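The model shown is predicted, which means the values in this text are computed figures rather than measured ones. Throughout, numbering of the chain's residues begins at 1 and tracks the sequence.
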Amino acid sequence: LKEENAVLRSKINKLQILCETQADKMRKLEKKLEENQIKEEKEAQDLEAMVQHVEQNLQLMTKRAVKAESSAAKLRQENALLQAELRNSQLEKEALRAGQAGLAAAKQNAEVALQHLLQVTTSSRASIRQLLSGAESLELVADLLKSIDRISEVSEDGQ
């Protein structure tokens, strides 16, 4: 009977040790679960903040693109007017050349119109480059938003 009691006590001690070990493991797992939940919440908040930042940048770039398009349209109109002015000046220049009257004045007017046209053309090109740069930026933001959606889908699938 004493031997049986000793065996049973030994088994009870082993079971208590096993129970404590499992309780420790459970506490550690609960703590790890809590840490993972906190980490996931922070990542979700960070992702939301990044999405909001990207959306703000997209709105800003859209405004810039609209402004650049408007500016480019105005410059195209001005360019067309200046080209018409240049043609008129060239015709006037030819008429004056034929009549030999006031040739120097017409030549100077044509040169001034030409310089003005060249300045507007240069300015138009710069505005068009800005417009293209804005469009490229919008494409980059669109690609970034697509990748964010993919990251979100992968995160949801991985859970």
[Y] backbone acceptor or donor facing [X] side chain under 3.5 Å:
| X | Y | answer |
| --- | --- | --- |
| Thr122 | Leu118 | yes |
| Ser137 | Ser133 | yes |
| Thr62 | Leu58 | yes |
| Thr21 | Ile17 | yes |
| Thr121 | Leu117 | yes |

Next item on the list: Any chance you could lay out the side chain to side chain contact (heavy atoms under 4.5 Å, CB included) test for Gln56 and Leu60, step after step, and finish with the verdict?
Entry: CA-CA 6 Å; Gln56 289 172 351; Leu60 181 63; over 6 Å; no
Next item on the list: For Ser10 and Val7, run side chain to side chain contact (heavy atoms under 4.5 Å, CB included): C-alpha distance rounded to whole Å, both residues' side-chain angles, the deciding distance at 0.1 Å, then the answer.
Entry: CA-CA 5 Å; Ser10 173; Val7 169; 5.6 Å; no
Item checked: Result of checking Lys14, Gln16, Gln22 against Leu18 for side-chain contact (heavy atoms from CB on, under 4.5 Å) -> Gln22
Checklist line | Minimum-distance pair of heavy atoms, taken over all atoms of Asn109 and Ser89 | finding: O-OG, 4.4 Å
Margin query: Looking at every non-hydrogen atom in both residues, tell me the closest pair between Ser127 and Leu75 and how far apart they are.
Written below: OG-CD1, 3.0 Å
Notebook entry, point to check: Glu43 versus Leu47: any side-chain heavy-atom pair under 4.5 Å?
Noted result: no
Notebook entry, point to check: Going by an N to O cut-off under 4.0 Å, is there a salt bridge joining Lys42 and Asp46?
Noted result: yes
Margin query: Any donor-acceptor pair under 3.5 Å linking the side-chain atoms of Gln115 with those of Glu111?
Written below: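 Glu111 vs Gln115: donor-acceptor pair found between side chains.
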